[in-house]
Amino acid sequence: MASTLFRNIQTQPILLYPSVLFRRKNGALYCTMKSSSTQTQTATQEKQQNPQTKVSPQTQTKGIDKRIKDYEAIIGIETHVQLSTLTKAFCGCPYNYGAQPNTSICPVCMGLPGALPVLNSKVIEFAVKLGLALNCKLSFNSKFDRKQYFYPDLPKGYQISQFDIPIASNGYVDLDLPVEFGGGHRRFGITRVHMEEDAGKLLHSGNGRYLTTLSHLLQVDLNRAGVPLLEIVSEPDMRNGIEAAEYAAEIQRVVRYLGISNGNMQEGSLRCDVNVSIRPIGQSEFGTKVEIKNLNSFSSVNRAIDFEISRQVLLHSQGQGNSIVQETRLWEEGAQKTVTMRKKEGLSDYRYFPEPDLPEVILKKEYVDSIQNSLPELPEMKRRRYENMGLSMQDVLFLANDINNCGMEELRKDILWISGPWLHVLGIPNLKLSSSPLLFVTMKFFLKTLLWKACGICQNLAITHTECCKLQEHIMLLQSDVWFDMLVNFQVAKFFDATIAKGADVKLATNWIMGDIAAYMKNEKVSINDIKLSPRELAELIASIKGGTISGKIGKEILFELIEKGGTVKGLIEEKNLVQIVDPAEIEKMVDKVLSENPNQLEQYRAGKTKIQGFFAGQVMKLSKGKANPGLLNKILQQKLNASS
């Protein structure tokens with residue numbers, strides 16, 4: 001009844017609070033809030049600060065570099081992972097990213113009087129999976145708590161979370177830094193992993209799409225309210241932006257390997273809040289920490305931390321260390337700086353108490369053991385396995401740090417979501433899109449032609465201005481090389497493992513996959529799932545080269561034909577008569593022919609110009625159509641060249 005009444009609110013604005021209005025639009029409910037002061041709050045706070053605290057790029061590069069050496073940065077990260085469950089944490093509402101605002105809500109996630117939450121069992125399963133993957137100690141008896149605070153996108157006025165008894169704690173994550181950043185193994189502690197629900201989302205707009213009488217609007221979309229989250233709190237073990245960014249990337253890999261989240265930062269499925277403080281070298285006491293939000297990429301994490309460290313070092317060096325307060329700051333990507341958002345609340349401000357509407361969460365050993373046995377090979381395990389095979393760290397990271405459980409499917413969903421409205425407007429029937437990136441290449445050109453007139457088309461669509469902006473953002477994202485880089489690495493490790501299982505030499509398989517195959521995929525914008533080459537045939541190709549049946553040059557020619565057209569190595573060798581010439585007498589005849597046809601070059605060689613030997617070898621290979629055994633050829637050629645005339 002409450003839901004029915006709520007969805008039939010009159011279309012005329014109803015004044016609930018001085019700045020809050022509800023209005024119905026196209027069957028969906030919109031909560032719109034006036035934000036006359038909100039938009040200028042950040043700028044005003046920054047202006048009120050002492051002008052001396054502003055950090056210019058020149059100051060950072062010249063003066064601060066020397067001062068930073070006297071300080072140590074202390075960094076911890078709070079990571080929120082949105083779980084890929086079919087329904088929300090405490091109700092039966094689905095959540096689909098990009099859906100019309102307020103179309104996936106009910107009395108429970110709206111916090112209406114009389115509505116009671118019911119826990120989604122998948123949330124428990126995913127929490128246990130992540131806790132085990134992060135080497136945590138599980139709490140077999142845990143509970144939920146209410147975290148009290150007011151914010152426009154929190155309809156209940158509190159968040160269901162976990163406070164003093166999280167489901168997992170005291171863990172760690174191992175990772176390897178990329179070679180270009182100095183390499184090395186790192187272990188970062190995990191303080192806790194706890195379950196909670198997400199809040200709604202505030203949409204900022206200045207065009208008055210929903211309420212034309214107001215010029216500045218703050219729209220509330222509650223679709224995300226109640227979506228299950230796992231919050232991962234790290235120990236303050238990181239010391240620079242690179243380590244923090246790599247830690248966040250490893251968390252993303254872990255949740256993707258587990259299949260509990262797509263981990264897409266651009267969708268908010270993985271959000272990082274970074275805590276940064278500094279202290280003089282040798283001091284044991286921590287400094288005042290500052291939280292940084294609005295980090296939507298790993299590179300943003302790195303740059304925001306580096307800026308914040310420089311800002312705090314500058315304040316300390318100017319004797320203004322006391323002006324560093326516990327606060328939340330936003331990272332402004334355009335300005336490449338952090339700005340004050342709000343003062344940080346303390347634990348007492350949240351007034352935690354046990355959630356009265358939910359029972360305790362009690363885990364059985366049999367349940368935990370069954371989940372433990374179902375865990376896949378995780379990134380760290382895979383890296384160590386490859387390292388034990390004798391691969392270099394560069395090879396290990398290329399193969400192990402692939403996207404694995406996501407990528408093509410998310411790409412397919414994005415194409416469907418983006419192309420759907422446009423196809424409808426243009427009168428094109430719905431298409432059943434496969435996960436082939438070849439379709440994506442076609443769609444790229446289609447989207448490019450639509451991008452410049454997207455806003456014009458949006459006027460004829462039943463979508464909002466905010467969705468139009470997001471549509472353009474997604475189109476530009478799909479046109480970038482980000483997706484192509486992702487496709488190159490998609491399930492490369494599985495292909496490599498399958499090739500090794502067929503008996504291929506480990507190092508040779510790595511070289512072929514990372515070299516010619518990876519280059520082909522990047523140039524053609526395809527994934528390893530879309531090439532015609534199978535792991536079995538790659539292993540056969542490597543064995544044929546290693547065994548001397550064909551040369552490496554012939555092997556490359558066969559490789560590209562297998563990639564594009566498929567077939568078998570043996571079949572192509574027989575069909576094109578590509579078997580390597582290993583008869584010494586036959587090769588000797590070809591060498592004699594080349595030497596007799598090039599007397600001037602032969603005279604130059606014997607006069608001391610020995611580098612010309614490569615010329616003769618090339619001519620023999622050309623004569624044999626690349627089939628002469630290179631080792632045998634060089635041996636015979638050298639004997640002939642050094643023989644007395």
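- Between F496 and Y386, the distance from one ring center to the other falls under 6.0 angstrom.
- Between E360 and K143, no side-chain nitrogen of the basic residue sits less than 4.0 Å from a carboxylate oxygen of the acidic one, so the salt-bridge criterion is not met.
- Between R385 and D497, at least one side-chain N (NZ, or NE/NH1/NH2) sits under 4.0 Å from a carboxylate O, which counts as a salt bridge.
- Between the CG atom in L134 and the CD1 atom in I251 there is a gap of 5.0 Å [rounded to 0.5 Å].
- For K147 and Y352, the positive end is not near the middle of the six-membered ring at less than 6.0 Å and at most 45° from its axis.
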Could you go step by step and tell me if Y247 and F298 meet the ring-ring contact (aromatic ring centres under 6.0 Å, His included) rule? CA-CA 9 Å; Y247 164 85; F298 300 131; over 10 Å; no
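- Within 6.0 Å of CD1 on I281 lie more than 12 heavy atoms contributed by other residues, nucleotides or ligands.
- Around OH of Y151, the count of heavy atoms belonging to other residues, nucleotides or ligands within 6.0 Å does not exceed 12.
- Classification of R186 and E246 as a salt-bridged pair fails, no side-chain N sitting under 4.0 Å from a carboxylate O.
- Annotation: side chain of L130 is not in contact with side chain of V128 (no heavy-atom distance under 4.5 Å).
- Crowding of K546 atom NZ: a count of heavy atoms from other residues, nucleotides or ligands under 6.0 Å not exceeding 12.
- Cation-pi contact between R146 and Y158: present, with separation from the ring centre below 6.0 Å and deviation from the ring axis of at most 45°.
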Determine, stepwise, if the pair S300 / S297 fulfils side chain to side chain donor-acceptor pair (under 3.5 Å). CA-CA 5 Å; S300 295; S297 69; 2.8 Å; yes
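- Within a 6.0 Å radius of CD in Q372, other residues, nucleotides and ligands contribute more than 12 heavy atoms.
- The closest side-chain heavy-atom distance from T328 to V290 is not below 4.5 Å.
- With sequence neighbours left out, Q312 forms a side chain to side chain donor-acceptor pair (under 3.5 Å) with E308.
- A salt bridge between R329 and E327 is present, with a side-chain N of the basic residue lying under 4.0 Å from a carboxylate O of the acidic one.
- Taking 4.5 Å as the limit, some side-chain heavy atom of D221 sits within range of a side-chain heavy atom of N102.
- No salt bridge links D395 with R383; every basic N to acidic carboxylate O contact stays at or beyond 4.0 Å.
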Determine, step by step, whether T87 and N120 satisfy the side chain to side chain donor-acceptor pair (under 3.5 Å) criterion, reporting the C-alpha distance in whole Å, the side-chain angles of both residues, the deciding distance to 0.1 Å, and the verdict. CA-CA 8 Å; T87 58; N120 185 341; 3.2 Å; yes
Using the side chain to side chain donor-acceptor pair (under 3.5 Å) rule, take T191 and E235 through it: C-alpha gap first, then chi angles, then the decisive distance, then the call. CA-CA 5 Å; T191 305; E235 290 288 326; 2.7 Å; yes
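- D198 and R224 are joined by a salt bridge, as a carboxylate oxygen and a charged side-chain nitrogen come within less than 4.0 angstrom of each other.
- Shown here is R303, whose CZ atom has more than 12 heavy atoms of other residues, nucleotides or ligands within 6.0 Å.
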